[in-house]
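One-based numbering along the sequence shown. All values below come from the heavy atoms of this structure, side chains included, with hydrogens, waters and symmetry mates left out.
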Amino acid sequence: MQTIQTQNNPFGTLTHKMTRLRDSILAAKPYVDPQRAVLATEAYQAHQQEQVDLLRAHMLENILSKMSIFIEPDTLIAGNQAQHNRWAPVFPEYSMKWVIAELDSFEKRPGDVFYITSEAKTQLKAIAPFWQNNTLEDKGLAAFPPKSRLLYDLGVIGATGNITSGDGHIAVNYESVITKGLKWYEARVNTALENLDLTDINAQKQWYFYQSSLIVINAVKNFAQRYAKLALEQAQATTDSQRRQELLQMAHTLNHVPYEPAQTFQEAVQAVWLTHLVLQIESNGHSVSYGRLDQYLNPFYQRDLQQGHITPDKAVELLTNLCLKTLTINKVRPWGHTQFSAGSPLYQNITIGGQTPEGKDAVNDLSYLILQAVSQAHLPQPNLTVRYHKGLSDKFMQACVAVIKQGLGMPAFNNDEVIIPSFIARGVKKADAYNYSAIGCVETAIPGKWGYRCTGMSFINFPRTLLIVMNGGVDPESGQRLLPDYGHFNQMTSYQQLFDAWDKSLREMTRQSVIIENTCDLVLEQGYPDILCSTLTEDCIGRGKTIKEGGAVYDFISGLQVGIANLADSLSAIKQLVFEEQRLTPAQLWQALQTNFKGAEGERIRQMLLNDAPKFGNDDDAVDQLLVDAYAPYIDEIAKYKNTRYGRGPIGGLRYAGTSSISANVGQGHSTLATPDGRFARTPIAEGCSPAHAMDVNGPTTVFKSVSKLDTKAITGGVLLNQKMSPQILRTPENCLKLIALLRTFFNRLEGYHVQYNIVSRQTLLDAQAQPEKHRDLIVRVAGYSAFFVGLSKETQDDIIQRTEQEI
């Protein structure tokens, strides 16, 4: 088998088999699939009298035993999430109101369009009455204290995904699954059961969890065997001798894994895929990630290679197959939440590179093959993250840049030199800290040992919060009092007065975000445990607890702070133009904001705000320090509050900051009036920690310097930085080497946390808007993830087009 080398892709192209599979997946129209919803409802009705762990286990068992399965004509690994590839299942236990409300609008969305058949609508309407007032969303909204509910309803603090979905944001212990098999977990559970004293109520609770674990382990085993039987039937029916052999191999593999330990590289890949898949059938929480794929698969690859059972090309084909299957998983979200996750991302992250527990370079042969596979597959999923460290070789860096040049928005880089010390300082054991991986976007955790949502809790809209502070604690949009009155901006006589009001108000907003997050976690724990996910996370079996009850070894979480660059630029304009130079009175600025810069006077003021005060992203200490100071109250305040698992087993149980705002900058911009940085009302706010559009005018080095001034070691939830360059910039070897040198400076000297690159020209993006049919494969980095450009709403497309195009 030979891959075809091309001038455009130095990593070669897909095999003919994988090319056909890719074409079929990309041609699949995304439909809303009712099958899982029907089967879940059936199980809930049959087992609603049982303890919640057992109810959830029987639900998964029912789905896996009855759902439609298929094996694509060209695949080498089996497993499907829905009735067809790219169909999105409905998870009624989390939320049904929005599903019924949007049945007739899925196809009319401006982006992230889904189709739905009339039969599916009928099936979903039929089960809806059972779920009335009986879903996570119903219970979550009812549980919010009134003030917190108001902040949620107004969108000042966003948490829609937390009460309309499962948790996700996790990587389980795939290494143990492939080296020991699910039967090892089964044996651990049975041993634990033998030692229980059921007169102890806590032991009785453990008994429910253990019985549930046995149910789901057996369900996964039987699920795999369903595919083995189907593969055998297809093998007997085909006249293609090569395909018959492939199917017979698949049947043998699926009768073996993931229940038994994998023996070959192909078995290991199949076991990883099927486990990863079932986790996302069990729950629709996104950001279920693969962890350090190159580390735990490499021993299987090396053994097969030494024994002559595999070639590098065959390994790449299996890895591209894994990438393609990863894209088949899909998720339909409420339209309001879709705007926070434009492009239907699942944030399924693969991490490569980094260091061993001894601090040595962990790059291996498979690290390069994964780069090759991701480049060949040319897809927005899975996400790919490289762990950078000072000892990373120039050879590997060059390979990474070669993939970046392909325009995938990948790989992203996370910096060991910041993240590992940050983890150790928080109590993570050194060996575990050196084994961290990316989870979802930019967030990081220890695979197989960390609880849910290391990042991904509530979203606080910083620019809107500033407007509320300026308005004496009253939301200018709704007229509702949301914060104490620390004085109206019109009556303020100094910047210090505004900052003092901001400090006290942000601390209150932070406290309210904690209440919202705790409420979401409370209702999830009470009614929606993920049994398989908990079983495969250490040390839930040892403790007899699900993850939400405190079963994980580590449990730190973070919310997301959105629009920090707008905050910086707004404070800079206020400080300089209003209070230092007195070119504007507070009343003039406030009036301009309330009228959205209407008229000639409004535009004059807007131009002053845009052009006459320093902006974040240009290495200007005046504005950069304003942001550091303004962010500090949140970082300080959030550290005071425990999560719901504190004191129940895990190390941590604490919170920290994070800037991975995904595409919330667009959605939260809708609810934000004009801001003092000159931004018009209802337009997107800045994403991640990236500068506001076109405000970073002095090149990428100054952006790196500004971002590095943030307290990156305290923002353990991730400091997400997007950069954009034209493809022409990286056409010369000299510029590729310049980019590597720039990255090394950012990470080694400036202690940057993260960076990722969009390599696409403005003209290409504009042409794709005008002629989408010619740009089906155009991929862009939206935030901490990539997406097909033509599937995004025009508003999100425009947001990406307007980002600064950097030069080296």
Side-chain angles (χ1 to χ4, degrees), residues 31-68 81-83 87-106 114-144 160-168 208 211-212 215-216 219 223 278-285 330-337 519-520 522-533 546 548:
Y31 275 80
V32 175
D33 188 347
Q35 187 178 72
R36 185 201 177 278
V38 171
L39 295 174
T41 306
E42 181 179 280
Y44 265 73
Q45 290 172 329
H47 297 277
Q48 57 188 311
Q49 77 281 7
E50 299 199 39
Q51 288 293 308
V52 66
D53 287 6
L54 289 163
L55 169 62
R56 294 287 291 171
H58 285 303
M59 179 204 70
L60 183 60
E61 178 186 45
N62 195 55
I63 294 168
L64 296 185
S65 65
K66 296 179 180 178
M67 65 175 280
S68 302
Q81 182 202 23
Q83 294 183 75
W87 284 32
V90 172
F91 293 71
E93 65 269 36
Y94 298 115
S95 180
M96 271 300 284
K97 286 180 181 176
W98 72 267
V99 177
I100 300 302
E102 297 185 25
L103 283 178
D104 296 325
S105 61
F106 286 124
F114 283 88
Y115 300 90
I116 186 167
T117 66
S118 58
E119 181 185 5
K121 290 181 182 180
T122 300
Q123 289 177 294
L124 292 170
K125 288 177 181 178
I127 65 172
F130 175 80
W131 296 104
Q132 186 173 358
N133 298 322
N134 195 29
T135 67
L136 172 68
E137 183 179 26
D138 295 322
K139 295 172 183 178
L141 291 175
F144 284 141
T160 303
N162 301 56
I163 59 170
T164 59
S165 299
D167 270 301
Y208 299 131
Q211 292 294 334
S212 301
I215 291 170
V216 298
F223 187 53
V278 176
L279 290 171
Q280 295 183 87
I281 294 172
E282 178 179 43
S283 168
N284 68 340
N330 209 349
K331 177 175 179 175
V332 59
R333 301 169 171 89
W335 175 244
H337 187 224
T519 306
C520 294
L522 174 66
V523 292
L524 274 164
E525 179 183 341
Q526 289 174 334
Y528 309 90
D530 298 327
I531 305 303
L532 180 64
C533 190
T546 64
K548 270 285 188 259

| query | Between Gln211 (side chain) and Tyr208 (backbone), is there a donor-acceptor pair under 3.5 Å? | reply | no
| field | Step-by-step side chain to side chain contact (heavy atoms under 4.5 Å, CB included) determination, Leu60 to Val278 | value | CA-CA 9 Å; Leu60 183 60; Val278 176; 4.1 Å; yes
| task | Begin from the C-alpha positions of Lys97 and Asp138 and carry the test side chain to side chain contact (heavy atoms under 4.5 Å, CB included) through to its verdict. | result | CA-CA 9 Å; Lys97 286 180 181 176; Asp138 295 322; 3.0 Å; yes
| Verdict with supporting geometry, Leu103 and Ile100, side chain to side chain contact (heavy atoms under 4.5 Å, CB included) | CA-CA 5 Å; Leu103 283 178; Ile100 300 302; 4.1 Å; yes
| message | On a heavy-atom basis, which atom in Tyr528 and which in Asn134 lie closest, and how many Å separate them? | response | OH-O, 3.8 Å
| task | Considering non-hydrogen atoms only, spot the tightest contact between Thr519 and Gly140 and give its length. | result | CG2-O, 3.9 Å
| task | Please collect all salt bridge (charged side-chain N to carboxylate O under 4.0 Å, His left out) contacts where either partner lies in residues 34-51, sequence neighbours excluded, each pair once. | result | Arg36-Glu93, Glu42-Lys66
Tell me which donor-acceptor pairs under 3.5 Å the side chains of residues 115-129 have, and how far apart each pair is, sequence neighbours excluded?
from	atom 1	to	atom 2	distance (Å)
Thr117	OG1	Ala120	N	3.0
Lys121	NZ	Asp104	OD1	2.8
Thr122	OG1	Ser118	O	3.1

| field | Atom pair NE2/CG of His47 and Asn62 - distance to nearest 0.5 Å | value | 6.5 Å
| remark: Heavy-atom closest pair (Val52 atom, Pro529 atom, distance to 0.1 Å) is CG2-CD, 3.6 Å
| task | For residues Leu524 and Tyr94, report the shortest heavy-atom separation together with the two atoms involved. | result | CD2-CE2, 4.4 Å
| field | Partners meeting side chain to side chain contact (heavy atoms under 4.5 Å, CB included) with Ser165 (sequence neighbours left out) | value | Asn284, Lys331
| request: Measure across Gln81 and Trp87 and return the closest heavy-atom pair with its distance rounded to 0.1 Å. | output: OE1-O, 3.9 Å
| field | Partners meeting side chain to side chain contact (heavy atoms under 4.5 Å, CB included) with Leu141 (sequence neighbours left out) | value | Glu137, Phe144, Arg149, Tyr152, Ile163
| field | Interatomic spacing from CD in Gln35 to OG in Ser68 - rounded to 0.5 Å | value | 3.5 Å
| request: Find the distance between CH2 (Trp131) and CE (Met96) and round it off to the nearest 0.5 Å. | output: 9.0 Å
| said: Going by side chain to side chain contact (heavy atoms under 4.5 Å, CB included), name the residues that satisfy it together with Val523, two or more places apart in sequence or in a different chain. | reply: Leu136, Lys139, Ala143, Gln526
| field | Straight-line distance of Glu102 CD to Trp335 CH2, nearest 0.5 Å | value | 9.0 Å
| said: Just to verify, what does Ile215 make a side chain to side chain contact (heavy atoms under 4.5 Å, CB included) with, not counting sequence neighbours? | reply: Leu54, Ala57, His58, Glu61
| query | Do side-chain atoms of Asn330 reach the backbone of Ala88 as a donor and acceptor pair under 3.5 angstrom? | reply | no
| said: If I compare all heavy atoms of Gly166 with all of Ser283, which pair ends up nearest, and what's the gap? | reply: CA-OG, 3.4 Å
| said: Please identify which of these residues, Asp530, Asp167, Asp53, meets the salt bridge (charged side-chain N to carboxylate O under 4.0 Å, His left out) condition with Lys548. | reply: Asp167
| field | Spatial distance of atom OG (Ser212) from atom CG (Leu532) [nearest 0.5 Å] | value | 11.5 Å
| query | Is there a side chain to side chain contact (heavy atoms under 4.5 Å, CB included) between Tyr31 and Gln83 once you walk through the steps? | reply | CA-CA 10 Å; Tyr31 275 80; Gln83 294 183 75; over 6 Å; no
